Amino acid sequence: MTKFKSDFLRALDERGFIHQVSDEAGLDELFAKETVTAYIGFDPTAPSLHAGGLIQIMMLHWMQQTGHQPISLMGGGTGMVGDPSFKDDARQLMTVDTIESNIASIKRVFSNYLSYGDGPRDAKMINNGDWLRDLNYLEFLRDVGRHFSVNRMLSFDSVKTRLDREQSLSFLEFNYMILQAYDFVELNKRYGCRLQMGGSDQWGNIVNGIDLGHRMGTPQLYALTSPLLTTSSGAKMGKSLNGAVWLNPDMLSAYDFWQYWRNTEDADVSRFLKLYTTLSMDEIARLSALGGSEINEVKKILATEVTAMLHGRENAEQAAETARKTFEEGALSDNLPTIEVAKNELEAGIGLLALIVKAGLATSNGEARRHIQGGAVKINDTGVSDEKMVVGTGEVTADGVIKLSLGKKKHILVRPV
């Protein structure tokens, strides 16, 4: 028997999204009786979010699916300061142009998960730079800053961790939690927003916003956080051996995204089906009961479902088919990741180490050399042991490409142009 009456909290609870709620009974009552507006803030620190941020986007998705209004808040103002929560050192400051460019790039992903518009349940995309950038500093200190206790702010774990580190917490960063709290109050005033959601590392910042709202006369505000996810082996979500698993297709192909989820550890499959797909709980229970070699088929379903939400069903199924041909038939597929190399460069010959780096299979010649010495590198499915090998036109196959492989799962087509 579920402890929640509202569809939204029940869905989040059974799928494993809930870590903390500021007032479970009060928030459940609110969701059960009216259309609720809630938001999550996204930092524009890069041109794309990565897979670690998907859990937040899925929370907004389920909110809209259960009849409520989500707000995706872009940090055009707070991004000029940088969130110091649990960071070892200060973020690099970004220019306004970089922030705006990153926001424009990040926005493209959200419409795959949320329906935006002007209706009461349509999602809204809002930039906190709209109110933060034009604040009058003295007025802000007097009207908002006076409500904050430095003693209390120093007690938050997110701040304390930095106070003990070599890299001190700057006054600029210390202001971040005040700005985030003010966002909550401003969103309530402008849009009737009652709930802020985020990862569990944001708990202190969100509760600050609730307290500020109370002091500045808003209705009761609420906090809900999700667990900070790691894989069963302790790896951080959204990170792979090759770096961040980006959501924007121009930064990571549908095939590589599919492969990331296909490589999910056995112990994580059921949990990830609940968090990252829209499959019914009954179907997830059925898939979770499968074991042995069938777990690999379930991983393919997981990969295809997660990829379909982001890249579209056709691209997801194409990625699955590319993987099947490559791994089960050993065939070449035009849908494998491809790099282009000038014909005259290939005619002159390219050092194998340089080609491995160029293909993104290593970040340096030293790393490429270690891959070769470890027997992980193949050209056209034939193992290569000579790190001084020069790759040229002689390696181009009848298909007009060179297949460069690292291990069993990473393949790049080198295409002369």
Side-chain angles (χ1 to χ4, degrees), residues 2-4 6-21 24 31 38-42 48-66 68 70 72 109-110 112-114 123 195-203 223-240 244-247 252 254 257-290 295-311 313 316:
T2 179
K3 59 183 176 181
F4 294 114
S6 62
D7 290 343
F8 173 63
L9 289 181
R10 192 161 55 240
L12 256 57
D13 186 41
E14 65 185 7
R15 287 180 176 268
F17 284 96
I18 297 177
H19 180 68
Q20 286 172 290
V21 184
E24 281 191 354
F31 270 101
Y39 86 99
I40 296 177
F42 296 89
S48 171
L49 300 175
H50 60 66
L54 258 186
I55 187 169
Q56 313 301 337
I57 299 175
M58 289 301 293
M59 288 164 79
L60 294 177
H61 170 82
W62 285 113
M63 194 177 172
Q64 189 167 45
Q65 292 301 306
T66 53
H68 302 279
S72 44
V109 159
F110 283 86
N112 296 308
Y113 299 88
L114 300 169
L195 169 66
Q196 184 183 353
M197 301 186 290
S200 59
D201 61 337
Q202 293 298 313
W203 180 255
L224 188 157
T225 61
S226 60
L228 283 185
L229 280 190
T230 57
T231 65
S232 291
S233 62
K236 200 171 179 182
M237 276 303 296
K239 303 285 186 182
S240 70
V245 181
W246 301 111
L247 301 186
L252 191 75
F257 187 77
W258 188 94
Q259 277 294 340
Y260 172 75
W261 296 98
R262 166 64 182 85
N263 293 335
T264 294
E265 296 167 35
D266 292 3
D268 292 325
V269 173
S270 180
R271 183 168 57 130
F272 288 0
L273 284 168
K274 292 174 187 174
L275 291 171
Y276 298 113
T277 79
T278 55
L279 294 174
S280 71
M281 292 300 293
D282 286 345
E283 177 65 2
I284 290 171
R286 184 187 73 79
L287 292 172
S288 300
L290 300 175
I295 193 76
N296 287 322
E297 295 307 309
V298 179
K299 289 180 184 180
K300 292 175 189 175
I301 292 170
L302 168 67
T304 300
E305 291 300 316
V306 180
T307 306
M309 286 196 78
L310 178 62
H311 291 275
R313 179 69 58 182

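This is a predicted model, so every value here is computed, not measured.
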Problem - Heavy-atom check, side chain of T231 versus side chain of T264, under 4.5 Å - result: no

Practice task
Determine the minimum heavy-atom distance between K299 and D266, stating which atoms define it.
Solution key: NZ-OD1, 2.6 Å

Exercise for the section: Could you list the residues that satisfy side chain to side chain contact (heavy atoms under 4.5 Å, CB included) with T230, not counting sequence neighbours? Expected result: none

Problem - Salt bridge R313-E305, side-chain N to carboxylate O under 4.0 Å - result: yes

Practice task
Using modelled atom types only, decide if a donor and an acceptor are shared between the side chain of T307 and the backbone of T304 within a distance under 3.5 Å.
Solution key: no

Exercise for the section: Decide yes or no for P70 and L114: does some side-chain heavy atom of the first lie under 4.5 Å from some side-chain heavy atom of the second? Expected result: yes

Practice task
Determine whether S288 and V269 make a side-chain contact, defined as any pair of heavy atoms from C-beta on separated by less than 4.5 Å.
Solution key: no

Practice task
Check the pair F4 / E24 against side-chain contact (heavy atoms from CB on, under 4.5 Å), numbers first and verdict last.
Solution key: CA-CA 8 Å; F4 294 114; E24 281 191 354; 4.0 Å; yes

Problem - Donor-acceptor under 3.5 Å (N112 side chain, V109 main chain) - result: yes

Exercise for the section: Flag the pair L287 / E297 as yes when at least one side-chain heavy-atom distance between them is below 4.5 Å, and no otherwise. Expected result: no

Handout entry: Separation of N263 CG from W258 CH2 (nearest 0.5 Å)
Key = 8.5 Å

Problem - Any side-chain heavy-atom pair of L9 and T66 under 4.5 Å - result: no

Practice task
Quick one: pull up NE2 in H61 and CD in Q56 and give me the separation to the nearest 0.5 Å.
Solution key: 15.0 Å

Handout entry: Audit row: M237, I55, side-chain contact (heavy atoms from CB on, under 4.5 Å) steps and yes/no
Key = CA-CA 10 Å; M237 276 303 296; I55 187 169; over 6 Å; no

Exercise for the section: Decide yes or no for F17 and W62: does some side-chain heavy atom of the first lie under 4.5 Å from some side-chain heavy atom of the second? Expected result: yes

Practice task
Examine Y276 together with W261 and report whether their ring centres are nearer than 6.0 Å.
Solution key: yes

Problem - Residue that, paired with L302, satisfies side chain to side chain contact (heavy atoms under 4.5 Å, CB included) out of L279, T277, D268 - result: T277

Handout entry: Spacing of CD belonging to Q64 relative to CG belonging to L60, to within rounding of 0.5 Å
Key = 9.0 Å

Handout entry: Any L195 side-chain heavy atom under 4.5 Å of F31 side chain
Key = yes

Practice task
Report the C-alpha distance between R10 and D7 in whole Å, list the side-chain angles of each, state the deciding distance to 0.1 Å, and finish with yes or no for salt bridge (Lys or Arg N to Asp or Glu O under 4.0 Å).
Solution key: CA-CA 5 Å; R10 192 161 55 240; D7 290 343; 2.4 Å; yes

Handout entry: Flag, side chain of R15 to backbone of K274, donor-acceptor distance under 3.5 Å
Key = yes

Problem - Flag side-chain contact, heavy atom, 4.5 Å: Q202 against M197 - result: no

Handout entry: ring-ring contact (aromatic ring centres under 6.0 Å, His included) involving F110 - partner list, sequence neighbours excluded
Key = F42

Fill in the blank from the handout: Interatomic distance, CH2@W203 vs CD@Q20, rounded to 0.5 Å, equals 4.5 Å

Practice task
Please lay out, stage by stage, how L224 and M59 fare under the test side-chain contact (heavy atoms from CB on, under 4.5 Å).
Solution key: CA-CA 10 Å; L224 188 157; M59 288 164 79; 3.4 Å; yes

Completion exercise
Heavy-atom nearest pair, R271 first then S232, reads NH2-N, 4.2 Å

Exercise for the section: Start with the C-alpha distance between L290 and I295, add both sets of side-chain angles, then the distance that settles side-chain contact (heavy atoms from CB on, under 4.5 Å), and finish with yes or no. Expected result: CA-CA 6 Å; L290 300 175; I295 193 76; over 6 Å; no

Problem - Check: S200 main-chain N/O paired with H19 side-chain donor or acceptor under 3.5 Å - result: no

Practice task
Report yes or no: does S48 contribute a side-chain atom to a donor-acceptor pair with the main-chain N or O of L247 at less than 3.5 Å?
Solution key: yes

Problem - L49 CG to I57 CD1 distance, which is reported to the nearest 0.5 Å - result: 5.5 Å

Handout entry: Reported CE-to-CD1 distance for the pair M63 and I40, which is rounded to 0.5 angstrom
Key = 9.0 Å

